[in-house]
Amino acid sequence: GRLEPALYEELQQMDDADEVQVVVWLVSEAREFGARPNAEPGNKDQLTLKQVQEMKAIAVEEGEEYIGQLQADFHSAVLDGRDLTVGYTSNRAPFVFITTTKAGVMALNGEESIDTIYRTTPAWMKSDNVNTQVMSHKTDMAWDVISGSPGTGVGFAHTEDSRPDWNNPYLTETGTRVPGDPNVDDHATTCTGIAGCSYSTHYGHAYGCDLYGANGTTYDDDDMAAAMDYSVTADVCNNSWGPTVPPSTLDFHDRHCDYLVRHYYDTFTTVSGNHSSYVSWMSYNDITVGGVNAQNTQDWSDDVMSSFTGYIDPPGTDRELPNVCGDAEDIESTLEGGPPWIGSFGSAAGTSYSTPAVGGQCVSMMVRDSVLVSWPESVKAIVMATALHNIEGSSRVSEYDGAGMVDALAADKIANGLTNGGDQWGGLSVNAGSFPYEVSFPVQEGELVRVCICWDSNPSGPPDYTTDPLEAD
């Protein structure tokens, strides 16, 4: 059938007349929306940031047109006339929220136009749980070689249930999904400031960027899905939220994240979570970020892993999460309801804070080379290849810190073409006929080289969106 295994198990405990909310993921064509600039090493398109963003806007328009028609056809052919309530209907990904009875769900299970039917997760099961941070990440050293603000013109969206306090004088609003919503808190305000705060002693990692509040208003699944859809208005989409109970398989939000990266070319940063027994986000195409205790100093020698960082890998896979890690403790940034407008709240610790720092680093890389705006795969590869600060285990990749703690200066050099003769990153759209493909670059005898290759995955479904058909490791 088309039921997610976790949903099937829940339905076995219900009567036919019991009501349930589900997410229906539709069968859709494998297609690309719009076009991306050529990023082949040695032959990259030379485009302005505005030109690349205009290309992305065309992709969004084409995606919305295709998804809109897909939704209309599904509603008329399948949903009309049934005893159910239609909820949030995405205009950017092929899914719709439906409330119906157990019997109603089972009646949908045989529809060939449906790929998978997912359960939804109650809001109580989700959570959102300086300025040495910019120094421990070497962000301030990258600023030294950047002319102007490091985030100029690139959009950063922060996603969670609440919105930032735009009354904070050190945050400048570009857009908010639900303006004026009363759900405003320190968590959203701090996370947004970590990327974009303009206060001189607590600059965000990409201060000067265009800031968006992708607020769900609640942690209900349909509200958070709408927030994620809105977030692709920006170029980097930060998610400092996730489940607080161990997921059994990749869930609907993981699949949604992967779809948005693959089709709209946005870079997504996600938390590994503040619960060492599992990882919050198990999606493939994002950058999952763990946490480090940098001891509130810029010296790397005393850094240790945060005890809370999520690191248990998805079961039944060979994946190693988190991908990278960042400073997650003793964090100060923008606050809600000031004065004071700058400081820390609560424990001032969590992967909620390391993740937007990495997101801010991605923004600055895009300022360096605007083609990166449309190549999230290359952004991820650069972030991982330049995560040179090894906290534990193998310096290649290990259980707790992934590829290592990020080094914003090293990433900036790659994005700006300042290493080994320049042009040390690339991006390609490939198929089986594209191989073998060779890339060469100059290396001195005895020099240690780190190479990272990232690709978008499109795992199969149903029943559980776990089987990746790509012939790659």
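These numbers come from the heavy atoms of this one structure, side chains and all, not from hydrogens, waters or symmetry mates.
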Where do Leu372 and Ser378 land on the side-chain contact (heavy atoms from CB on, under 4.5 Å) test, with the steps shown first? CA-CA 7 Å; Leu372 285 168; Ser378 300; 3.9 Å; yes
Quick one: CG on Asp258 to OH on Tyr284, what's the gap to the nearest 0.5 Å? 8.0 Å
Say you draw a straight line from CG of Leu448 to OG of Ser395; how long is it, rounded to the nearest 0.5 Å? 7.0 Å
Hey, could you give me each pair passing salt bridge (Lys or Arg N to Asp or Glu O under 4.0 Å) that has a residue in residues 33-46? Not counting sequence neighbours. Arg36-Glu377, Lys44-Asp423
Return the set of residues passing side-chain hydrogen bond (donor to acceptor under 3.5 Å, both in side chains) with Thr269 (not counting sequence neighbours), or none when no residue passes. Asn238
Across all chains, not counting sequence neighbours, the side-chain hydrogen bond (donor to acceptor under 3.5 Å, both in side chains) partners of Thr192 are none
Any side-chain donor-acceptor pair under 3.5 Å between Glu160 and His187? yes
Work out which heavy atom in Ser240 is nearest to a heavy atom in Val271; give both atom names and the distance. CA-CG1, 3.6 Å
Criterion side-chain contact (heavy atoms from CB on, under 4.5 Å) on Glu54 and Lys50, from CA distance to verdict: CA-CA 6 Å; Glu54 287 173 349; Lys50 182 178 181 181; 3.2 Å; yes
Side-chain touch Met405/His137, heavy atoms, less than 4.5 angstrom: yes
Donor-acceptor pair, side chain of Asn38 and main chain of Asn43, under 3.5 angstrom: yes
How would you list, by chain and number, every residue that makes a ring-ring contact (aromatic ring centres under 6.0 Å, His included) with Tyr212, sequence neighbours excluded? none
Tell me whether Ser370 contacts the main-chain N or O of Val367 through its side chain, where contact means a donor paired with an acceptor under 3.5 Å. no
Closest approach of Gly360 and Phe156, non-hydrogen atoms and distance? N-CE1, 4.2 Å
In chain order, what residues pass the side-chain hydrogen bond (donor to acceptor under 3.5 Å, both in side chains) check against Asp235, with sequence neighbours excluded? Gln53, Lys56
Hey, does Asp456 have a side-chain heavy atom less than 4.5 Å from the side chain of Asn458? no
I want to check something: taking the side chain as every heavy atom from C-beta on, are Thr334 and Trp341 in contact at a cut-off of under 4.5 Å? no
With the side chain counted from C-beta on, respond yes when Thr233 and Arg177 share a heavy-atom pair under 4.5 Å apart, and no when they do not. no
Sidechain N-carboxylate O distance under 4.0 Å for Asp313, Arg319: no
Can a donor-acceptor pair be found between the side chains of Asp185 and Ser162 at a distance below 3.5 Å? yes
Decide yes or no for Trp300 and Asp407: does some side-chain heavy atom of the first lie under 4.5 Å from some side-chain heavy atom of the second? yes
Less than 3.5 Å apart, any donor N or O on the side chain of His275 or Ser280 sitting next to an acceptor on the other? yes
Looking only at non-hydrogen atoms, find the nearest pair between Ala408 and Ala142 and report the distance. O-CB, 4.1 Å
So does Val184 get a backbone contact from the side chain of Asp181, meaning a donor-acceptor N/O pair under 3.5 Å? no
Partner residues of Tyr207 under the ring-ring contact (aromatic ring centres under 6.0 Å, His included) criterion, sequence neighbours left out: Trp143, Tyr203
Is it the case that the side chain of Asp254 and the backbone of Met282 share a donor-acceptor pair, with hydrogens and angles ignored and the cut-off at 3.5 Å? yes
Check step by step if side-chain contact (heavy atoms from CB on, under 4.5 Å) holds for Trp241 and Thr159. CA-CA 8 Å; Trp241 65 284; Thr159 305; 3.8 Å; yes
Between Phe95 and Phe97, what is the ring plane arrangement, given parallel below 30°, perpendicular above 60°, and tilted in between? perpendicular
Which label fits Tyr118 and Trp25: parallel for a plane angle under 30°, tilted from 30 to 60°, or perpendicular past 60°? perpendicular
Evaluate the criterion side chain to side chain donor-acceptor pair (under 3.5 Å) for residue pair Asp286 and Thr270; output intermediate values, then yes/no. CA-CA 7 Å; Asp286 54 339; Thr270 59; 2.6 Å; yes
Considering only residues two or more places apart or on different chains, which pairs with a residue in residues 364-385 satisfy ring-ring contact (aromatic ring centres under 6.0 Å, His included)? none
Return the set of residues passing side-chain hydrogen bond (donor to acceptor under 3.5 Å, both in side chains) with Glu399 (not counting sequence neighbours), or none when no residue passes. none
Give a yes or no on whether the backbone of Val371 and the side-chain of Ser374 come within a donor-acceptor separation of less than 3.5 Å. no
Could you measure the distance from the SG atom of Cys325 to the CG atom of Asp303? Nearest 0.5 Å is fine. 9.0 Å
Which class fits the ring pair Tyr311 and Tyr400: parallel under 30°, tilted 30 to 60°, perpendicular over 60°? tilted
If you compare all heavy atoms of Val236 against all heavy atoms of Asp266, which two are closest, and at what distance to 0.1 Å? N-OD2, 4.4 Å
Nearest heavy-atom pair of Pro164 and Ala188: which atoms, and what distance? N-CB, 3.8 Å
Would you say Ser306 and Asn293 make side-chain contact, with heavy atoms under 4.5 Å? yes
With sequence neighbours left out, the residues meeting side-chain contact (heavy atoms from CB on, under 4.5 Å) with Asp186 are Leu335, Glu336, Phe345
Taking side chain as C-beta onward, heavy atoms only, is Cys197 less than 4.5 Å from Ile342? yes
Look up atom NZ in Lys380 and atom SG in Cys452, then write down how far apart they are to the nearest 0.5 Å. 8.0 Å
Would you say Arg163 and Val178 make side-chain contact, with heavy atoms under 4.5 Å? no
Let me confirm one number: the CG-CZ distance from Asp221 to Phe252, rounded to the nearest 0.5 Å. 7.0 Å
Within this structure, what is the CG-CD1 distance for the pair Asn296 and Ile331, rounded to the nearest 0.5 Å? 8.0 Å
Kindly determine whether Met366 and Val379 satisfy side-chain contact (heavy atoms from CB on, under 4.5 Å), including the steps that lead there. CA-CA 8 Å; Met366 294 172 187; Val379 172; 4.1 Å; yes
Shortest non-hydrogen separation from Asp401 to His389 and the atoms involved: OD2-O, 4.3 Å
Could you give me the CA-CA distance, side-chain angles and deciding distance for Thr351 and Ser272, then say whether side chain to side chain donor-acceptor pair (under 3.5 Å) is met? CA-CA 7 Å; Thr351 56; Ser272 73; 4.6 Å; no
So, using ring-ring contact (aromatic ring centres under 6.0 Å, His included) as the criterion, who are the partners of Tyr264 when residues are at least two apart? Phe33
Is there a donor in the side chain of Asp165 and an acceptor in the side chain of Thr189, or the other way round, less than 3.5 Å apart? no
Listed once per pair and sorted, the salt bridge (Lys or Arg N to Asp or Glu O under 4.0 Å) pairs that draw on residues 344-373, sequence neighbours left out: Arg368-Asp412
Restricting to pairs with a member in residues 197-219, which pass salt bridge (Lys or Arg N to Asp or Glu O under 4.0 Å), not counting sequence neighbours? none
